[in-house]
Amino acid sequence: MSDSRPPFPPFTTETALLKVRAAEDAWNSRDPERVALGYTEDSQWRNRDVFLTGRQQIVAFLREKWERELDYRLRKELWAHTDDRIAVRFEYEWHDAAGQWYRSHGNENWEFAPDGLMRRRYASINDLAITPQERRLTPGPDASSAG
C-alpha cells in the first residue's frame, strides 16, 4: 500500500471536498486498519478527552469505539480549508448494546503532510440520546441488520 493519499495539499475547495468524502467512506467502513492508513505513522489525535499518537493507537482506539458504537453511520461536511488544513462538521448515529440510539455531533480540525496523510486530527464531540424514530442517517449497504 502506498504511503501517500491524494489529493495532496495545497487544497482547493474541490480537493478538500474529495478528502472529506474519502474520510467519510473510510470511517463508514468501520475498518480500523483502513481508517488508520489515512494518517501518518506518528499522527497526533485528540478525540474528546483521549489523546493518541500513531497508527497503532488509532487502530486500538477505533476497534474499541466500534465495539461500543454499534451500527455506526457517519456524515461529514466541509466547513473550511487552507493550504494544508481542513475543518469539518459531522454527525454520526449509533446505538449501544442495550439498544439506546445516539446522535453524536462535532467538529474536527485536520492538518495534512505533503504526502496527503493526516498528521493531526482534533475532534470535539457531543452525544445526544435519540429514539430510533429520530434517526436521520440511513444504514449503508454494509450495515448489519441489528439496526
Side-chain angles (χ1 to χ4, degrees), residues 1-96 101-128 130 132 134-147:
M1 173 72 54
S2 171
D3 283 340
S4 66
R5 286 289 161 124
F8 306 112
F11 297 114
T12 64
T13 299
E14 180 181 354
T15 60
L17 285 167
L18 290 172
K19 233 12 161 181
V20 172
R21 287 290 75 76
E24 180 181 289
D25 291 345
W27 280 72
N28 278 326
S29 77
R30 293 174 278 186
D31 179 344
E33 288 80 13
R34 175 182 171 190
V35 172
L37 289 175
Y39 299 89
T40 61
E41 290 285 344
D42 61 349
S43 186
Q44 298 175 359
W45 278 29
R46 181 184 60 77
N47 195 90
R48 302 175 191 255
D49 61 347
V50 176
F51 294 81
L52 309 169
T53 301
R55 285 184 183 164
Q56 289 183 346
Q57 289 185 7
I58 291 168
V59 168
F61 172 84
L62 292 174
R63 279 190 184 130
E64 291 176 14
K65 171 185 178 65
W66 289 321
E67 286 174 6
R68 288 186 321 272
E69 296 180 1
L70 306 174
D71 293 324
Y72 174 98
R73 186 73 177 152
L74 166 75
R75 291 284 157 72
K76 291 185 182 282
E77 175 188 345
L78 176 65
W79 193 257
H81 69 88
T82 62
D83 289 343
D84 65 348
R85 295 180 181 187
I86 296 175
V88 298
R89 68 160 296 281
F90 63 87
E91 66 180 21
Y92 61 91
E93 294 176 346
W94 56 280
H95 67 85
D96 62 20
W101 279 94
Y102 295 88
R103 183 174 303 118
S104 301
H105 300 269
N107 300 293
E108 292 176 331
N109 297 311
W110 302 342
E111 181 181 76
F112 291 86
D115 60 8
L117 296 173
M118 195 182 302
R119 67 174 147 213
R120 289 190 185 92
R121 173 188 174 267
Y122 301 115
S124 298
I125 306 167
N126 297 300
D127 302 316
L128 173 68
I130 61 173
E134 293 174 298
R135 291 180 59 206
R136 293 195 290 236
L137 306 180
T138 59
D142 62 339
S144 73
S145 60

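The chain is numbered in sequence order, starting from 1. Scope of the values below: all heavy atoms of this structure, side chains included, with no hydrogens, waters or symmetry mates. These numbers were taken from a predicted model, which means no experiment stands behind them.
The OH atom of Tyr102 sits 11.5 Å away from atom CZ of Arg68, with the distance rounded to the nearest 0.5 Å. Distance CG/Leu128 to CG/Asn126: 9.5 Å, rounded to 0.5 Å. The structure places CD1 of Ile125 at 4.0 Å from CG of Asn47, a figure rounded to the nearest 0.5 Å. The structure places CG of Leu52 at 8.5 Å from CZ of Arg121, a figure rounded to the nearest 0.5 Å. Once rounded to the nearest 0.5 Å, the distance linking OH of Tyr122 with CG of Asn107 reads 15.5 Å. Taking CG of Asp31 as the start and CZ of Arg63 as the end, the distance is 9.0 Å to the nearest 0.5 Å.
Residues Trp45 and Gln57 fail the side-chain proximity criterion, which asks for heavy atoms closer than 4.5 Å. For the pair Arg34/Asp25, a side-chain contact is recorded, criterion being any heavy-atom separation below 4.5 Å from C-beta on. With contacts defined as side-chain heavy-atom distances shorter than 4.5 Å, the pair Trp110/Val20 qualifies. When side chains are defined from C-beta on, Tyr39 counts as touching Ile58, because their heavy atoms get closer than 4.5 Å. Side-chain contact check for Val50 versus Glu64: every heavy-atom pair is 4.5 Å or farther apart.
Screening residues 42-53 for salt bridge (charged side-chain N to carboxylate O under 4.0 Å, His left out) gives Arg48-Asp127 as the qualifying pairs, with residues at least two apart or on separate chains.
Within 6.0 Å of CD in Glu134 there are more than 12 heavy atoms belonging to other residues, nucleotides or ligands. Remark: Trp66 CH2 is packed, more than 12 non-hydrogen atoms of other residues, nucleotides or ligands lying under 6.0 Å away.
Arg75 pairs by the salt bridge (Lys or Arg N to Asp or Glu O under 4.0 Å) definition with nothing, not counting sequence neighbours.
Between Arg30 and the choices Leu62, Leu70, Asp71, the side-chain contact (heavy atoms from CB on, under 4.5 Å) rule is met once, by Asp71.
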Practice item. Decide side-chain contact (heavy atoms from CB on, under 4.5 Å) for Glu77 and Glu91; before the verdict, give the C-alpha distance in whole Å, the side-chain angles of both, and the deciding distance to 0.1 Å. Key: CA-CA 9 Å; Glu77 175 188 345; Glu91 66 180 21; over 6 Å; no

Point to revise | Verdict with reasoning, Arg5 to Leu37, per side-chain contact (heavy atoms from CB on, under 4.5 Å) | key: CA-CA 9 Å; Arg5 286 289 161 124; Leu37 289 175; 3.2 Å; yes

Check your understanding: Are Asn109 and Arg85 close enough, and set up right, to give a side-chain contact (heavy atoms from CB on, under 4.5 Å), and what steps lead you there?
Key -> CA-CA 7 Å; Asn109 297 311; Arg85 295 180 181 187; over 6 Å; no

Practice item. Could you go through the side-chain contact (heavy atoms from CB on, under 4.5 Å) check for Glu108 and Ile86 one step at a time? Key: CA-CA 8 Å; Glu108 292 176 331; Ile86 296 175; over 6 Å; no

Atom pairs and distances, side-chain donor-acceptor, residues 7-15, under 3.5 Å, sequence neighbours left out:
residue : atom : partner : partner atom : Å
Thr12   : OG1  : Glu14   : N            : 3.4
Thr12   : OG1  : Thr15   : N            : 3.1
Thr12   : OG1  : Thr15   : OG1          : 3.2
Thr13   : OG1  : His81   : NE2          : 3.0
Thr15   : OG1  : Thr12   : N            : 2.8
Thr15   : OG1  : Thr12   : O            : 3.2

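Note on ring orientation: taking the six-membered ring where Trp is involved, the planes of Tyr92 and Phe90 are parallel (angle under 30°, cut-offs 30° and 60°).
Side chain of Glu93 to main chain of Leu137: a donor-acceptor pair is present (N/O by atom type, distance under 3.5 Å, no hydrogens or angles).
When all heavy atoms are compared, the tightest approach of Trp101 to His95 is CZ2-CD2, 3.4 Å. Taking every heavy atom of both residues into account, Ala26 and Ser29 meet most closely at O-OG, 2.5 Å. Nearest heavy atom pair, residue Lys19 against residue Gly116, reads NZ-O, 2.8 Å.
A cation-pi arrangement, defined by a distance under 6.0 Å to the six-membered ring centre and an angle within 45 degrees of its axis, is present between Lys76 and Trp27.
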